Every structure is written in structure tokens, then in C-alpha cells.
There are 2 protein chains.
Amino acid sequence: MNILDVPTGSADEQAVRDARIVLGTLVEPGSRRLYELVTAHGPVEALDRLASGREGGQLAEAAALRLHGRPPAEFAARLWERSDRLGVRILTPESGEWPARLADLRHISIDGPNTIDRDTYPPQCVWLRGPHRLDDAVERSVAMVGARANTDYGAYAATELGYGLAERGWTVVSGGAYGIDAVAHRAALAAGGVTVAVLACGVDRPYPLSNNALFDQIAEEGLLISEWPPGTAPFKVRFLVRNRVIAALSRGTVLVEAAARSGARQTLRRARQLRRAAMAVPGPITSEMSVGCHEELRREPHEPVRPVATVAQVLEEVGGIGELAPVPRGADRPLDGLDPVERQLVDAVPRRGGAYAEQIAADAGVSLRTALAMLPSLALRGHLREHGGGFARPLPPGRTA
Amino acid sequence: MNILDVPTGSADEQAVRDARIVLGTLVEPGSRRLYELVTAHGPVEALDRLASGREGGQLAEAAALRLHGRPPAEFAARLWERSDRLGVRILTPESGEWPARLADLRHISIDGPNTIDRDTYPPQCVWLRGPHRLDDAVERSVAMVGARANTDYGAYAATELGYGLAERGWTVVSGGAYGIDAVAHRAALAAGGVTVAVLACGVDRPYPLSNNALFDQIAEEGLLISEWPPGTAPFKVRFLVRNRVIAALSRGTVLVEAAARSGARQTLRRARQLRRAAMAVPGPITSEMSVGCHEELRREPHEPVRPVATVAQVLEEVGGIGELAPVPRGADRPLDGLDPVERQLVDAVPRRGGAYAEQIAADAGVSLRTALAMLPSLALRGHLREHGGGFARPLPPGRTA
């Protein structure tokens, strides 16, 4: 079952969208029950059942409290009008620019008493501010999340990765929080790239206030998005509900810095559940703010979290075929081209004076045959020099025999 | 086939030991060909074949160069005499204190042109200085290896881990090199523990000279060991040959710091080949000296290298059953005991003034039933307080309504 394939029945497209945004406003995002209802009946009928009282239960009661007796059509009209006034667009799964990836959220719900792990279903709608199409913006995107109380090290890492990703045309998705999130957004913007802030409150009043200048810039050059309608306050639980959207929108999630307890670790968990690339930046074992990253890296092989230290390594995880990070290697060394036996022979030549092949062979532990075959070639290549019928180390540059 | 089960024929035990130490001196350690010869004929007969010229080939020729026409019995006598004079003991696989773990080295040889990867067989003998039995010393041991050009961070990590392991009665095995090796040895000694330095040269002239005071202390309180007889110079290739013994003696190997190119990474590879625990300490992605560690941590799941940040985590990898590292967790927080719905309700109560249950339920997105069931309990537990027929946030400590 795919949320994009819901039956629209005889209702026209606008009615479906109206129903979506009313449902998205009456019911806290992620609800499994609402997802089931919409899947079974379509959004219009699902809303009608909730509003008319034909549908019972906690979900209907909670929705009714918010509807407060208003006719759904009027409720929808007010939402559209308010969005227009605020310059906020609204997308539903019926919109052309709805990112298909969000549908993967229908697979990760976990039964149990914890509503945050159970109510992980796709959004009914998304409110957004900014000049980009959402689907285009996130097509090639990486989520970067982390501690609010970041260290300088974390800021450095988030800047390097965020800037480098944006420079290569990748969008940086994050949560707009203080700390690593804000650094990642700023780095992407500094590179002239696109960044998407997924908020846990209305896009008209992004939280935290101290990031207001950043949010203004994101609204102009990137995208501010939220599952909650304008005016919604950022309750704590909403950050955790929101995290699944950060993970679902992007091709992979990088945890940059995190204390042992950190909401950002939950975003990484969502990425794993969604089978997206899950990555963490290693850091000093002396830093409390890397403990969460290292704990993630210690996960068992069946739930891998990959360490990433460079943009190339991030892209290797999310980029698919053809984007393998170069393996770091040190500078070439003089003896690189020699095989172990040749190196053993060179080492067996005394540093002062010279030695005959027989002595060199004995010290190196090779046969005289081997030594006699290899020593002249080593001398030809400049690793040794011939010396009084035997062999010696090469002269230092500038000296002659 | 097990090197401990070699046929001794009619030769007595001393003849076998004599043959071992002569073979270990005539042939560079690790030789596959010598291992095959000894396995087929026993050490005494193998030596006789080499010395008498009945055995041909490169191995025999190289051995003959070193033997230089001397009778093997005389050669052996001189080795024993020299060892006695230097206070150096010699162990062979026939010795009671020979560590059984070394026999695992017969499994990791790789066919190909690289002699270092092919000649990975167990030592014929080991020379040692120090007051401990080798088997006891390495029974509970961890190898710690790393860059010579370590950073302060690496020194800190090696000290923390080396000291902590020694404090818990674990032996620290390393290579006696400048840098991380030396720091690890010193940390173990500082904790009053045992440390084993596995050298690539004679134990009478440990390399590098600058670590001489350390080597003296290790000879008094730990163990200096080598596969090479006294007087042997530390040719470069020998460090790589030696690394397999560091990995084989210990239950696991920790790479503390390493550049992209680092001999210490080869030791970690040996640990993986031996199916011992392979570990690496994460570090700042800004440090060249952690690049090698991070590359190791990026290995695919089928050849795992585990990140370790604490002694407990190292012991979890090598300690077997019952030594699981505690998972780091942050301090408890006030709302820890609340489920997501309760937290959502608390968040929905305004920070100033109060609100009625119906409003709180609507803002939280829950039914009035749920709110009415939970709000009084939240107030009883101090997360809220009753206020004018509704609910308000608790008063700050010291203030009364």
C-alpha cells in the first residue's frame, strides 16, 4: 500500500488536498491510526468520518477537540488563507513536488507502548517557505545532525562537511536547532548551496529564536519545512516525531557530534530503520560530545553505522555507483618500489663502508644467488652503489665518492 | 598439523632445542619452507638436511651462508653460551612456557610474491629478558600499537588505555618503538603492571636507542622478547615480520594512532587474520595521525575493526563472557519518567498562567479523556500543579503560589 495511491473517490483534487491539510492539523503527525483510516477510505472520507462522529476512539476525540465544531471546509479555507497571508506553501502527497521518499516511513512503525516509535507514518501534508521545489531540493541530499552544545571540533567538522557537500551540489538537511544543526545549515549557505530545515513547529515562527537570522536566510535561499501548521509551538516530543522526516527526506544521515544522550541519535536510528546510509563522525575519545558518535559506531555489523571523516566518504555512502572515496595514503617513500627481499638486502648493507655480496646475503638471510641477482639491479636503480668489489649505501646528494 | 606436535624422533629434548635455536638463527623468522621442513622431519633432522647439503634450494643456500661451515652442534653451543653471558633466556615450542597462541600463525600465510605475507609461520624460538614466564605474561594481554610520530592526543589515549589495562591485571604487548609503543609500555609500567616488548632485533641491543631507559625497565619488570638472536640489527623488513608475533601473542590489538601509511596497521591486519579482536581508537578527523585508525574503522562488516574509547570497551572485545562495557549515558533529566503522551501534555501547558484540560488536550493533540486521566497524576508527581480549575507549570523552587 502506498500513500500516493489513496483512493480519491469522486472528490476532486482540491477536496483531497483540503482534507489532507485539515487532517494534518487536527491530528499530531505520524499517527498510525490516521494512516490506516486514510489508506482505507481516502482523505476526504477519513476526515468526514472523524468530523461527523462516525469514527470513534481517541483519535476522533482528539481531532474533534481541535476542530471545535467548525465545519471542515471552513477550517480548510482558513488554513489556506492563513498560509497565503504568511507566504507559506502547502504540499500534500498529491502535489507534484512531494518527495517520494517520504512514503518509506510507512515501513518503520514499531508496536508497543511508545507512541513515538509507533506513530512514524508519513506526513499528511507539509508547510514550507522558500524558493525551491522540495522534491528537487532533497533529490541529492544528506542530513547532518548533532548536539546543540557542540564543541569547536564539532563546528569544524559540520562546517567542512556541510560546505563540501553544498559545493558539490548536495543539499544539507537538518533540524534548525542550535549547535551542529545551525552550523551545518550555515555551512551549506556559505557555499552557495541549498539547505532544508525541518522544523518541529510552525514555519512562521521557527525555533529557536536565536537562529532567527539564519531562518530568514534559509527561507530566502533554502527551504523551511514543517509537518505542523503555522503557529504551532515546538513541544519537546515534536522534535522526536520530526526526526523521522529528516531521515526520510535525505539519502543518508551524518551524526556529527552527540553526547551519550542525544535526540540526534534517534534521527540516525530512523535512518537505519529506513535503510538509508547511517554515518557518524569520529572524534576525540576525550570529548563528551563524541561519546554518542562512538557508541553509534560500536553498533553490531547487522546495523552498521559508518565512520566518515571527509565529504568524499559521505558521498561514497550516499552517492551510489561511481563515487568511491579515495583511500588516504601518505607520501611515497624511497623504498616503495622494492619488494621485501630487496629491502632486506639494502638494509643489510652497512651504513659506513661497504660489504661483499656474500656478507650482505648472510646478514639479509638470503642465498648468495639471490643477492648476486638483485644487488647490481639495486645499484643501477640508485638504492646502493658498487664499492670496492662489493656494495655500499648511496652517497648523500651532492657528495661524490 | 601443530608445531607443538613435531616428531622428535630419537633425539633427546636438548638436541631438539639446539636444532630450534640454530634454525631460528640460520633462517629469517616466519619462513614457510622451514616450517614445512620442520613439520615433515622434526627440527633435528631438518637442521641436518640443511647443514649437510642434502636439502637444496634458496633456503638451504641462505642457511649455509650463515652457518659458514661450522658444525651445527658448535653453533648451538655458542648461542647458548652467548645467551648465558647476556642473561638472555631462550624458549622453543618445546618449552613449558611457550605460548600456545603462537601456533595460530600457521594459518595466515598468503600465497604470492610478497614474502612478508607468505612467511608468516610461528617462530622456531624466542629470546627473552625479564623476570616473567612468557605464557603467564601474555595469557591476559592486549597489544597496543601505533604511530611513532604520535600526537598529544595519541599519547593521552595510549596512557589511559595502557594504564587502565595494567591496573586491571592485563599485560600490554607492543613493539618498543618510539611514539605510541613507548607510551603504552610506560603506562603499563606506571600502573605497576607487566608489559612485553616484542623487538625486531636482538634483545641485547633493543632499538631505538632513545628508548634505552625504558628497555632497561622492561627487562627488569616486564619482558623483552625477540625471534632474532642477540646482536641482530633491526632491518626495516624485520619490523613487519615481527608484527605477526605482537598480534599472535595477545588476545586483541588496539591501533591507537596511525597515519594513512603505518606499519602499525599491518599489525592490526595480522590480528584480523588471526581472528583476534581488532580495535582502533577514533580521533579527530582533523588529525593526520587518526586517518589510519579511521580507515581501519571503515572496513566492511565482514572484517570488522571495532572502535574503542575506554578500557572497558577494550576488555569487552577481548575479555570474553561477563565483561561487557557499560553503555555511557548522560545524567537523568526531570521528564525521564514520562511517556511521550505525558510529555506532550506537560509541554502543552502554557509557561505563564494556566489552562483548562480541554485546551491542553487540544494543543497536545490528545483526547479529553486522556488529558483528564493523566493531568492530575502529572500534578501529583510535581510535573504540573493544579491552578484555578485547570493546570499550570510547577512554581520555581522557593516560590509559593
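We name chains A, B, ... by the order of the sequence lines, and we start the count at 1 in each one. Computed from a prediction, not measured in an experiment: that's the story for all the values here.
The most heavy-atom pairs under 4.5 Å with chain B, out of A:V281, A:L26, A:T286, A:V27, come from A:T286. Ranked by heavy-atom pairs under 4.5 Å with chain B, the list A:A361, A:S367, A:P234 is led by A:S367. Ranked by non-hydrogen atom pairs under 4.5 Å with chain B, the options A:D363, A:I116, A:L240 are led by A:D363. Ranked by non-hydrogen atom pairs under 4.5 Å with chain B, the options A:E300, A:R369, A:R238, A:H294 are led by A:R369. When the candidates A:V291, A:N114, A:T310 are compared by the number of heavy-atom contacts under 4.5 Å with chain B, A:N114 comes out ahead. In terms of heavy-atom pairs under 4.5 Å with chain B, the best-connected choice from A:R298, A:R66, A:Q344 is A:R298.
For a residue to count as touching a neighbouring chain, one of its non-hydrogen atoms must lie under 4.5 Å from one of that chain's; by this rule B:A259 does not touch chain A. For A:A233, no part sits under 4.5 Å from any heavy atom of chain B, backbone or side chain. At a 4.5 Å heavy-atom cutoff, the contact between B:E295 and chain A is made by side-chain atoms alone. Of the atoms belonging to B:E288, not a single heavy atom falls under 4.5 Å from chain A. Of the two parts of A:A64, neither the backbone nor the side chain holds a non-hydrogen atom closer than 4.5 Å to a non-hydrogen atom of chain B. Interface residue B:V308: backbone and side-chain heavy atoms are both found under 4.5 Å from chain A. Residue B:A63 does not touch chain A at all, counting heavy-atom pairs closer than 4.5 Å. For chain A, no part of B:R118 is nearby; none of its heavy atoms comes within less than 4.5 Å.
Contact of the B:S109 side chain with the B:D119 side chain is not registered, since no non-hydrogen atoms from C-beta on lie closer than 4.5 Å.
Among B:R272, B:M279, B:R265, the single residue meeting the side-chain contact (heavy atoms from CB on, under 4.5 Å) criterion with B:V305 is B:R272.
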Would A:T370 and B:Q58 satisfy side-chain hydrogen bond (donor to acceptor under 3.5 Å, both in side chains), going step by step from the backbone distance to the final call? CA-CA 8 Å; A:T370 299; B:Q58 300 270 358; 2.5 Å; yes

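Between atom OG1 of residue A:T151 and atom CE of residue A:M289 there is a gap of 8.0 Å, rounded to the nearest 0.5 Å. With values rounded to the nearest 0.5 angstrom, B:Q266 atom CD is found 12.0 Å from B:L255 atom CG. A distance of 11.5 Å separates CD in B:Q359 from CG in B:L368, rounded to the nearest 0.5 Å.
Cation-pi contact between B:R242 and B:F239: absent, since separation from the ring centre below 6.0 Å together with deviation from the ring axis within 45° is not met.
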